[in-house]
> 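I have a structure I would like to understand better, so I am pasting it below and will then ask my questions one at a time.
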Amino acid sequence: MHDVVRTRFAPSPTGRMHVGNLRTALYEYLIARSLGGSFVLRIEDTDQERQVESAIDIIYDTLRAVGLKHDEGPDIGGPYGPYIQSERLPLYRQYADQLLESGQAYRCFCTRERLESLKEDANKHFTAYDRHCRHLDQQTVQNLLDSKKPYVIRQKMPIDGSTTFDDAVYGSITVDNRELEDQILIKSDGYPTYNYANVIDDHLMNITHVVRGSEYLSSTPKYNLLYEAFGWEVPTYVHLPLILGKDGQKLSKRHGSTSFADLVQEGYLPEAIVNAIALLGWCPKENRELFTLDELCQFFSIDRISKSPSIFDFDKLDWFNASYLRSMESTSFLALISPILDEVFDGAAPLKPLLAELLQPRVVRLTDIPHMIHFLRNRQSADLSLYDHKKAKSSRMLAGEILPELKERLSGLTEWTRESIHDCLTRFAEDRALKTGQVMWPLRISLSGQAVTPGGAVEIALLLGQQEVLARLSEDIEHLSQNVTEEDMP
RNA sequence: GGCCCUAUGGUCAAGCGGUCAAGACGCCGCCCUCUCACGGCGGAAACAGGAGUUCGAUUCUCCUUAGGGUCACCA
């Protein structure tokens, strides 16, 4: 038995970091960390046709952004390198030869065309390879080899019997061997298939827990047979339930932003994303939902991983994101949104601490900010109907009546602070025997031109500054006087 | 279609033979309140169906149904 737990994240560099992949990486990390083991990064680039430029950087960047630090990997090395499969080619070849010699694998010279026609013939029925080359005699093989005919190496699967393996989450699973195809180990370009390289590397790298999505469940018996053929110890399998989209299908681009980078760009915090996906398919013993990565390491356990697939819920992600935003130190929040604020104001935004204070309890996604505060920069004239508000006992009539005097009073203020503005407004309400809301509502509407704003009349007035407040009021008073007609009279 | 897996509110999910079947998101209502939000309180909302096993099934077994996965010289 291995006594040191080792898990690996083995993505193929094909472009994006899908949330499903990220969750797999997260669980691999959590299993390793919670058990005091190591987490290694391995790049599975055995598909020469699907290589994507800079995809490896996306992997590094994502892992760094979410705080999943690997202990070994292509960039930092380690005792089991190389960690990029394309650099391990001789290894795969060597072990394949071993299988060839022991008669557990064979060369297959079948052309793709023949394989294709095989599939057409079989059509809806079992479409596995017909094992045509499995029984070629040595002389024939030698001739084909001499004539440089390309070939792949296939593993000989047992014809009958069954294969059973144990999964840490799904339990014991048995499959009839006749369901298993003589799978390709080495492709004709000399590269190993994932199915094969994966087993070789996991063994050579001493991986104790093979963690992956449950889409691999059905090919696991084949891996088991491979371990058996080599006489190697089978690792602990941990298959993870799939993450589905809103429509119940496997999550994909169709469902919108499903890569980590997409989500970050849409204004979600990496911590919130991690927290959200950690709870998709795993549930802590304690009834609780907010966890930092360190806390997850502390509480995670394989036996609480669930078997049923789960749907990725963007509403819940919103909630996580909002929760993280709200629980931040106000100074951190300010630092976080400062660049966004500056951008909205084309330079240094004014009163940033106040803006941050107003925004922190209201923002769900960072990308919401620009349109929430846009009105501060651009005066938009209020739709008169906005003045009519039953609950505040406000109306366009009332607005037309009080705004001029309100403007007078505000212009008389020699000090422009929260207190001074607030006092001025409440005193005005008292003097005119009005409810507070009857003053606050029209003023806020006049200054913002919108029904909903971050902060109330006082805060908005403060943010706008005395001069702008008076300017906006003048404009609106004008507008009101021209448009409030006889019909509006009670 | 074969094989494999899964099945508690709309979603995430607790439960591991005896519960009035947690909690969270979302939704609705109320309170707080210068709008909204935050916060507080409350509400509607679930064991897919059928056979067994058992004194007793959400829980164990089988079948049905539904959903998903997989059947590549992709991972």
Side-chain angles (χ1 to χ4, degrees), chain A residues 10-12 14 44-47 49-50 108 110 112 115 119 123-129 150-154 167 170-171 173-176 178-181 183-189 191-195 197-198 212-221 239 241-242 244 246 248-250 276 279-285 287-290 304 306-320 322 326 358-364 372 386 389 391-392 394 422 425-426 429 435-445 448 450-460:
Chain A
S12 53
T14 51
E44 312 235 337
D45 60 345
T46 57
D47 186 351
E49 287 166 21
R50 294 211 307 175
C108 170
C110 291
R112 291 180 195 248
L115 263 20
K119 261 181 221 167
N123 212 353
K124 285 177 186 162
H125 305 294
F126 185 48
T127 58
Y129 173 57
Y151 64 89
V152 301
I153 296 177
R154 289 184 186 266
D167 183 87
Y170 287 93
I173 295 175
T174 301
V175 194
D176 282 338
R178 73 178 121 87
E179 299 293 333
L180 276 21
E181 184 175 42
Q183 64 174 341
I184 294 176
L185 270 20
I186 303 281
K187 307 182 226 178
S188 54
D189 65 359
Y191 275 72
T193 57
Y194 162 83
N195 291 332
N198 172 260
R212 50 158 88 106
S214 66
E215 66 264 37
Y216 291 97
L217 223 36
S218 52
S219 38
T220 300
H239 285 94
L242 257 18
L244 312 175
K246 202 95 187 146
Q249 304 288 115
K250 195 172 163 184
L279 262 32
L280 280 183
W282 174 80
C283 181
K285 199 165 190 72
N287 188 11
R288 161 181 173 189
E289 306 205 274
L290 265 9
R304 295 192 66 85
S306 67
K307 298 192 246 202
S308 45
S310 45
I311 292 173
F312 188 72
D313 184 0
F314 283 88
D315 285 337
K316 189 77 183 233
L317 179 60
D318 279 347
W319 177 78
F320 273 111
R326 271 172 305 196
L358 297 177
L359 256 14
Q360 193 165 8
R362 284 172 246 257
V363 173
V364 173
M372 288 173 83
L386 286 177
H389 189 76
K391 203 174 152 233
S394 167
H422 185 264
L425 296 175
T426 49
K435 310 266 288 181
T436 315
Q438 289 179 291
V439 175
M440 300 295 189
W441 183 274
L443 176 60
R444 194 179 58 83
I445 294 301
S448 69
Q450 49 192 50
V452 173
T453 54
V458 176
E459 288 78 21
I460 290 169

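Reminder, nothing fancy here: chain letters follow the sequence lines and each chain counts from 1.
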> Give none if B:U70 has no partner; otherwise give the nucleotide forming a Watson-Crick or G-U wobble pair with it, both distances under 3.5 Å.
B:G2
> Give none if B:U65 has no partner; otherwise give the nucleotide forming a Watson-Crick or G-U wobble pair with it, both distances under 3.5 Å.
B:A7
> Side chain of A:Trp441, backbone of A:Leu386: donor and acceptor closer than 3.5 Å?
yes
> Find the distance A:Arg112:CZ to B:C73:P and express it as a whole number of Å.
7 Å
> Salt bridge or not for A:Asp176 and A:Arg178, using N-O below 4.0 Å?
yes
> Rounding to a whole Å, what distance do you find between A:Glu179:CD and B:G1:P?
15 Å
> Rounded to the nearest angstrom, tell me the gap between atom CG in A:Asp318 and atom C1' in B:C38.
16 Å
> Please state the P separation for the pair B:C71 and B:C16 - nearest whole angstrom.
37 Å
> Can you list the residues that meet the side chain to side chain contact (heavy atoms under 4.5 Å, CB included) rule with A:Pro284, with sequence neighbours excluded?
A:Leu279, A:Trp282, A:Phe291
> For A:Ser394, check side-chain hydrogen bond (donor to acceptor under 3.5 Å, both in side chains) against everything at least two apart and list the hits.
none
> What is the distance from CD of A:Glu215 to P of B:U70, rounded to the nearest Å?
6 Å
> Does a side-chain heavy-atom distance below 4.5 Å link A:Glu459 with A:Arg444?
no
> With both distances kept under 3.5 Å, what pairs with B:C60, Watson-Crick or G-U wobble?
B:G52
> Select from A:Val363 and A:Asn195 the residue whose nearest nucleotide in RNA chain B is closer to the 5' end of that strand.
A:Val363
> Please give, in whole Å, the distance from B:C71 P to A:Tyr129 OH?
19 Å
> Sugar-phosphate atoms are those with a prime plus P, OP1 and OP2; base atoms are the rest. Using that split, label each nucleotide of nucleotides 27-32 of chain B B, S or - for protein heavy atoms under 4.0 Å, 5' to 3'.
------
> Look at the aromatic rings of A:Tyr216 and A:Tyr194 and report parallel, tilted or perpendicular, splitting at 30° and 60°.
tilted
> Check for a donor-acceptor pair, side chain of A:Glu181 on one end and backbone N or O of A:Gln183 on the other, with a separation under 3.5 Å.
no
> Is there a Watson-Crick or G-U wobble partner for B:A75 with both distances under 3.5 Å, and if so, which one is it?
none
> For atom C1', what is the distance between B:C47 and B:U8, given to the nearest Å?
4 Å
> Would you indicate whether the side-chain heavy atoms of A:Ile173 and A:Leu217 approach each other to under 4.5 Å?
yes
> Please measure how far the C1' atom in B:G39 lies from the corresponding atom in B:A46, and state the result in whole Å.
29 Å
> Is a side-chain donor or acceptor of A:Arg304 paired with a backbone partner of A:Cys283 at a separation under 3.5 angstrom?
yes
> If you apply the rule side-chain contact (heavy atoms from CB on, under 4.5 Å), what do you find for A:Ile186 with A:Arg154, and how did you get there?
CA-CA 7 Å; A:Ile186 303 281; A:Arg154 289 184 186 266; over 6 Å; no
> For a quick check of understanding: with a heavy-atom distance under 4.0 Å over all strands, which category does A:Tyr216 fall into, base, sugar-phosphate or nothing?
base
> Mind checking what makes side-chain hydrogen bond (donor to acceptor under 3.5 Å, both in side chains) contact with A:Lys316, not counting sequence neighbours?
A:Glu289
> Given B:G68, B:A75, B:A72, identify the nucleotide with an atom nearest to the side chain of A:Tyr194.
B:A75
> When we call it a touch if two heavy atoms are under 4.0 Å apart, what does A:Thr46 touch: a base, just sugar-phosphate, or nothing?
sugar-phosphate
> Determine the interatomic distance between C1' on B:G49 and the same-named atom on B:A37; round to the nearest Å.
45 Å
> Checking all strands, does A:Asn287 fall into the base, sugar-phosphate, or nothing category for heavy-atom contacts under 4.0 angstrom?
base
> Tell me which nucleotide among B:U70, B:C34, B:U35 gets nearest to the side chain of A:Lys250.
B:U70
> Provide the distance between the two P atoms, one in B:A24 and one in B:C63, to the nearest whole Å.
38 Å
> Does the side chain of A:Arg112 come within less than 4.5 Å of A:Ser188's, by heavy atoms?
yes
> Could you go over nucleotides 6-14 of chain B and give all protein N or O partners under 3.5 Å, atom names and distances?
unit_1	atom_1	unit_2	atom_2	d
B:U6	OP1	A:Lys307	NZ	3.4
B:C12	OP1	A:Ile311	N	3.0
B:C12	O2'	A:Leu279	O	3.3
B:A13	OP1	A:Gly281	N	2.6
B:A14	O3'	A:Arg304	NH2	3.4

> Using a heavy-atom cut-off of 4.0 Å across all strands, would you classify A:Ser188 as base, sugar-phosphate, or nothing?
base
> When the C1' atoms of B:A45 and B:A22 are compared, how many Å lie between them, rounded to an integer?
15 Å
> Only pairs with both distances under 3.5 Å count, Watson-Crick or wobble alike; so what is the partner of B:C36 in this structure?
none
> Paired with B:G29: which nucleotide, if any, by Watson-Crick or G-U wobble criteria at under 3.5 Å for both distances?
B:C41
> Rounded to the nearest angstrom, tell me the gap between atom CG in A:Leu358 and atom C1' in B:C34.
13 Å
> Which whole number of Å gives the distance between the C1' atom of B:G29 and that of B:C34?
23 Å
> Give every pair of a protein N or O atom and an N or O atom of nucleotides 39-49 of chain B that lie under 3.5 Å apart, one pair per line with the distance.
none

> Write down the distance separating the P atoms in B:U59 and B:A48, rounded off to the nearest Å.
8 Å
> Once you apply the 3.5 Å cut-off to both distances, tell me the Watson-Crick or G-U wobble partner of B:U19, or none.
none
> So for A:Ser218 and B:C3, does any side-chain atom that can act as donor or acceptor lie under 3.5 Å from a complementary atom in the base?
no
> Can you tell me the distance, in whole Å, between the CD1 atom of A:Ile445 and the P atom of B:C34?
15 Å
> Measure CG/A:Leu217 against C1'/B:U70 and give the value in whole Å, please.
10 Å
> Taking the side chain of A:Trp319 as heavy atoms from C-beta outward, which of B:C36, B:C73, B:C25 is closest to it?
B:C25
> For the pair A:Lys391 (side chain) and A:Gly437 (backbone), establish whether a donor and an acceptor sit closer than 3.5 Å, ignoring hydrogens and angles.
no
> Using atom types as modelled and distance alone, determine if a side-chain donor or acceptor of A:Ser12 lies under 3.5 Å from a backbone N or O of A:Thr14.
no
> Over all heavy atoms of both residues, which pair between A:Lys307 and A:Tyr170 is shortest? Give the atoms and the distance, please.
O-OH, 2.9 Å
